[in-house]
Amino acid sequence: MVRTRFAPSPTGYLHIGGARTALFNWLFARNRGGKFILRIEDTDVERSTQESVKAILDGMKWLNLDWDEGPFFQSQRMDRYSYFAEKLLNEGKAYYCYCTPEELQERRERALKEGKKPTYDRRCRDLKEPIVDRKPVIRFKAPLDGETIVDDIVKGRVIFKNEELDDLIIIRSDGFPTYNFAVVIDDVDMNITHVIRGDDHLNNTPRQIQIYKALDFPIPIFAHVPMILGSDKTRLSKRHGATSVMAYKEMGYISDALVNYLVRLGWSYGDQEIFSREEMIKKFSLENIGKSPAVFNPEKLLWLNAHYIKEMEPSKLAELAREFFIEKGYSLPEETKFEKILCSLRQRGRTLVEIADMADFYFTSEFNYDEQGIKKIFNEQTKKSLKEIREKLSKVNELLEPDFEIIVRKTAEELKLKVSEVAQSLRLAITGKTVSPGLFEIIEVIGINETIRRIDRAINYMDKV
RNA sequence: GGUCCCAUCGUCUAGAGGCCAAGGACAUUGCCCUCUCACGGCAAAAACGCGGGUUCGAAUCCCGCUGGGACUACCA
């Protein structure tokens with residue numbers, strides 16, 4: 001049974017890179033009918049916060065990455081870490097080290113200055129007597145020679161010389177485990193079969209493998225996926241704009257679009273760009289993950305988002321868009337009307353925010369007219385055509401899309417104007433803008449009376465100027 | 001500095017020695033559609049980092065160089 005996990009540290013929100021790692025783990029587990037486990041790596045008490053935990057969970061939920069077990073917290077598993085540290089100690093595979101952080105720091109700097117490697121010199125490795133008055137750390141007795149091999153699904157076989165690796169600290173002086181130790185114990189306890197994570201961890205992997213071996217644990221399969229970079233090709237960070245997954249929700253992105261974008265960052269399936277969840281799960285494989293890092297491209301995400309907005313069920317769109325309209329202070333009409341409004345706007349807006357921003361004329365008749373529009377469009381000729389249309393409308397009881405189109409075209413013909421000229425006049429009168437959804441769609445939503453009112457308002461406006 | 005990873009259009013990528021005078025997608029440009037703006041349709045421009053090998057044949061294999069990235073903590 002395949003078991004994967006996502007193991008973020010709660011030191012901030014769920015970011016784009018973490019989300020993709022979570023997605024790959026989730027997809028692989030789902031593809032293989034396995035389990036996906038969520039674990040919170042909160043051994044760094046200083047930096048871990050409860051808010052971050054919540055932010056990460058919220059992000060996962062928004063992206064619809066459901067987990068089967070957890071969230072487990074490392075902070076609640078201290079006895080496990082102590083137990084295995086003790087075991088290593090007893091078996092002579094670990095030892096107490098009394099060097100202080102300051103001493104270590106100083107030696108590192110000196111070594112660097114002398115052109116030597118800044119690794120720990122193992123001076124406490126064979127210490128016979130404890131040094132009193134000092135709280136020791138526990139270090140792992142790493143092998144001195146030979147090599148440690150990482151057989152990685154995406155990177156292939158990576159060989160590390162053991163002499164390059166020093167005796168890492170596994171338990172800090174405050175009793176908390178360090179990352180490289182805790183992950184091993186956790187992954188074993190949770191029966192993780194496939195460790196899928198960012199390749200910034202590749203260098204940690206041989207150290208972890210040494211611990212697996214010392215404890216006689218089975219070694220999982222590793223897959224180190226390349227990082228996501230910003231436009232300047234450095235690791236994606238706040239500098240590059242929004243990196244929090246939830247920020248994309250607030251900007252009006254659809255979570256399926258973001259997931260679709262993320263899955264294609266570092267993974268591909270031939271030429272296919274659009275994947276439903278089902279397809280993604282069915283087609284995902286670790287073998288198709290690329291080796292090289294990917295640059296995050298907001299333009300393509302925007303394109304995908306627009307695609308999802310256009311393809312979505314109107315009722316679903318309404319459900320997701322609602323909060324953005326409420327945010328604007330609009331009181332929402334009944335469901336079918338709201339859906340009609342959204343469908344008229346969805347071809348033009350790439351995010352829910354953009355859509356809500358274009359929608360004002362559906363919710364108020366007291367809008368201002370576009371400055372450029374006033375100059376270009378509000379003139380005698382416009383007044384004439386508006387009056388003519390108003391006249392024709394007053395003879396109609398109900399206004400349907402095709403009827404209105406006929407009226408506009410006929411008016412243009414009679415006044416010897418281009419249809420576009422008449423349409424633009426009406427557009428400015430009805431929406432206050434020079435750019436809007438199709439006129440005929442709009443009037444069907446706002447109705448004949450409101451249309452007439454707005455035409456009158458425009459004519460009045462022109463009369464006053 | 002050391003260790004490790006990576007290298008196809010601006011970007012995401014296809015490409016598993018001959019199917020590649022390199023395909024798709026985003027972005028860009030042009031044309032068409034059209035009541036505006038979009039959507040959509042069509043088209044164009046755009047890449048195998050460099051140098052050596054191996055081979056009848058290399059984007060694909062090997063080596064070097066260059067360039068990028070990660071790690072090098074009592075962070076994860």
Side-chain angles (χ1 to χ4, degrees), chain A residues 7-11 41-44 46-48 74 97 99-101 104-105 108 111-113 115-119 135-139 150 152 154-156 158-161 164-166 168-180 182-183 198-206 224 226-227 229 231 233-235 261 264-274 288 290-304 306 310 345-350 358 373 377 405 408-409 412 418-428 431 433-440:
Chain A
S9 62
T11 54
E41 309 218 323
D42 58 350
T43 51
D44 185 354
E46 300 286 304
R47 300 195 304 150
S48 299
Q74 288 188 325
C97 168
C99 304
T100 64
L104 260 16
Q105 175 74 17
R108 245 195 312 273
L112 228 35
K113 215 181 288 172
K116 291 181 196 152
K117 285 179 196 177
T119 50
K135 268 205 142 163
V137 299
I138 299 176
R139 281 187 188 269
V150 181
D152 192 275
V154 346
K155 301 290 184 182
V158 185
I159 299 169
F160 294 84
K161 287 193 172 62
E164 300 290 344
L165 277 16
D166 58 2
L168 75 154
I169 293 172
I170 55 175
I171 301 286
R172 305 191 296 213
S173 53
D174 62 5
F176 279 88
T178 56
Y179 166 74
N180 280 306
V183 250
D199 70 3
D200 47 338
H201 286 296
L202 187 57
N203 283 309
N204 286 323
T205 309
H224 285 94
M227 313 248 76
L229 310 178
S231 48
K233 306 238 180 184
T234 65
R235 196 180 175 144
Y261 177 71
R264 284 283 291 100
L265 229 43
W267 176 81
S268 61
Y269 190 84
D271 283 343
Q272 190 170 346
E273 297 286 352
I274 312 280
N288 286 326
K291 289 160 166 280
S292 47
V295 173
F296 184 81
N297 181 210
E299 291 291 331
K300 189 164 182 181
L301 170 57
L302 209 44
W303 169 74
L304 269 164
K310 272 177 286 195
L345 296 166
R346 83 208 291 201
Q347 297 295 336
R348 280 151 259 263
R350 294 174 300 177
M358 295 185 300
I377 296 169
E405 179 157 5
V408 171
R409 289 187 186 283
K418 281 193 268 183
V419 175
S420 61
E421 290 175 302
V422 177
Q424 279 303 81
S425 304
L426 267 173
R427 188 182 316 283
L428 190 60
T431 69
K433 301 177 202 301
T434 55
V435 170
S436 82
L439 263 184
F440 312 128

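Naming: A, B, ... by sequence-line order, numbering from 1 per chain.
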Within the side chain of A:Asp42, is there an N or O that forms a donor-acceptor pair under 3.5 Å with the backbone of A:Gln74?
yes
Whichever of A:Arg350 and A:Leu439 has the more 5' nearest nucleotide on RNA chain B, that residue is A:Arg350
So does A:Tyr269 have more than 12 non-hydrogen atoms from other groups sitting under 6.0 Å from OH?
no
Give me the distance, rounded to whole Å, that separates B:U55 from B:C9 when you measure between the P atoms they each carry.
30 Å
Below the 4.0 Å mark, does B:U36 have OP1 or OP2 next to a side-chain nitrogen or oxygen of A:Ser420?
no
Can you tell me how far P in B:C4 sits from the matching atom in B:G10, rounded to whole Å?
31 Å
What distance do A:Leu168 atom CG and A:Ile138 atom CD1 have between them, rounded to the nearest 0.5 Å?
12.0 Å
Tell which nucleotide pairs with B:A25, taking only Watson-Crick or G-U wobble pairs whose two distances are both under 3.5 angstrom.
B:U11
Given atom CG of A:Asp271 and atom P of B:G24, what is their separation to the nearest angstrom?
8 Å
Whole angstroms only, please: what is the CD1-P distance between A:Ile377 and B:C35?
16 Å
Its contact letters, B for base, S for sugar-phosphate only and - for none at protein heavy atoms under 4.0 Å, make nucleotides 70-76 of chain B read BS-SBBB
For B:G51 and B:C56, measure between their P atoms and round to the nearest Å.
23 Å
Between A:Phe296 and A:Tyr261, is any pair of side-chain heavy atoms under 4.5 Å apart?
yes
Atom CZ of A:Arg139: over 12 foreign heavy atoms under 6.0 Å:
yes
What pairs of nitrogen or oxygen atoms, one from the protein and one from nucleotides 10-12 of chain B, lie under 3.5 Å apart?
unit_1: B:U11; atom_1: OP1; unit_2: A:Lys233; atom_2: NZ; d: 3.1
unit_1: B:C12; atom_1: OP1; unit_2: A:Val295; atom_2: N; d: 2.9
unit_1: B:C12; atom_1: O2'; unit_2: A:Arg264; atom_2: O; d: 2.9
unit_1: B:C12; atom_1: O2; unit_2: A:Lys300; atom_2: NZ; d: 3.3

Select base, sugar-phosphate, or nothing to describe what A:Pro226 touches, counting heavy atoms under 4.0 Å on all strands.
nothing
Pair partner, B:A59 [Watson-Crick or wobble, under 3.5 Å]:
none
Once you round it to whole Å, what is the distance between C1' of B:G24 and CD1 of A:Ile274?
12 Å
Which residue lies toward the 5' end of RNA chain B, A:Gly270 or A:Lys117, if each is placed at its nearest nucleotide?
A:Lys117
Between atom CG in A:Leu345 and atom P in B:U36, what is the gap in whole Å?
18 Å
Tell me, please, which residues at least two apart from A:Gln424 pass side-chain hydrogen bond (donor to acceptor under 3.5 Å, both in side chains).
A:Arg427
Would you say that A:Asp200 contacts A:Arg235 through its side chain, given a criterion of any heavy-atom pair below 4.5 Å between the two side chains?
yes
Side-chain contact test, heavy atoms from C-beta onward, threshold under 4.5 Å: evaluate it for A:Val408 versus A:Leu439 and give yes or no.
no
Provide, to the nearest angstrom, the distance between the CZ atom belonging to A:Phe440 and the P atom belonging to B:U36.
10 Å
Under 3.5 Å for both donor-acceptor distances, Watson-Crick or wobble: does B:C35 have a partner, and if so which one?
none
With side chains defined as the heavy atoms from C-beta onward, is the minimum distance between A:Leu165 and A:Pro206 less than 4.5 Å?
yes
Within a strict 4.5 Å, meaning less than it, do heavy atoms of the A:Asp44 and A:Tyr179 side chains meet?
no
At under 4.0 Å between heavy atoms, what does A:Gly438 touch on the DNA or RNA strands: base, sugar-phosphate, or nothing?
base
Rounded interatomic separation in angstrom, taking CD from A:Glu405 and P from B:U34
11 Å
Roughly how many Å is it from CZ in A:Phe160 to P in B:G2, rounded to a whole number?
17 Å
Can you name the residues that form a salt bridge (Lys or Arg N to Asp or Glu O under 4.0 Å) with A:Glu164, not counting sequence neighbours?
A:Lys117
Between A:Thr43 and A:Arg172, the two heavy atoms sitting closest are O-NH2, 2.9 Å
Quick one: side-chain hydrogen bond (donor to acceptor under 3.5 Å, both in side chains) pairs with a partner in residues 291-301 of chain A, sequence neighbours left out?
A:Glu273-A:Lys300
Identify whether any heavy atom of A:Arg346 sits under 4.0 Å from a base atom; if not, whether one sits that close to sugar-phosphate; answer base, sugar-phosphate or nothing.
nothing
In the strands shown, is B:C65 matched to any nucleotide by a Watson-Crick or G-U wobble pair with both distances under 3.5 Å, and which?
B:G49
Classified by glycosidic angle (syn within 90° of 0, else anti), B:C39 comes out syn
Could you tell me how far B:G15 sits from B:G24 if I compare only their C1' atoms? Round to whole Å.
12 Å
Mind checking the P distance from B:C39 to B:G23? Whole angstroms is fine.
25 Å
Show each protein N/O and nucleotides 39-46 of chain B N/O combination with a separation under 3.5 Å, one pair to a line.
unit_1: B:C39; atom_1: O3'; unit_2: A:Lys310; atom_2: NZ; d: 2.9
unit_1: B:C39; atom_1: O2'; unit_2: A:Gln347; atom_2: OE1; d: 2.8

Rounded to whole angstroms, how far apart are NZ on A:Lys113 and C1' on B:G1?
15 Å
Pairing partner of B:C20, by Watson-Crick or G-U wobble and under 3.5 Å for both distances, is none
Write down the distance separating the C1' atoms in B:C48 and B:A43, rounded off to the nearest Å.
25 Å
Please name the nucleotide paired to B:C71 by Watson-Crick or G-U wobble geometry with both distances under 3.5 Å, or report none.
B:G2
Pairwise C1' distance for B:A7 and B:G64, with rounding to whole Å:
15 Å
Can you tell me how far P in B:C5 sits from the matching atom in B:C63, rounded to whole Å?
11 Å
Taking A:Thr178 for the side chain and A:Ile169 for the main chain, is one N or O donor matched with an acceptor at less than 3.5 Å?
yes
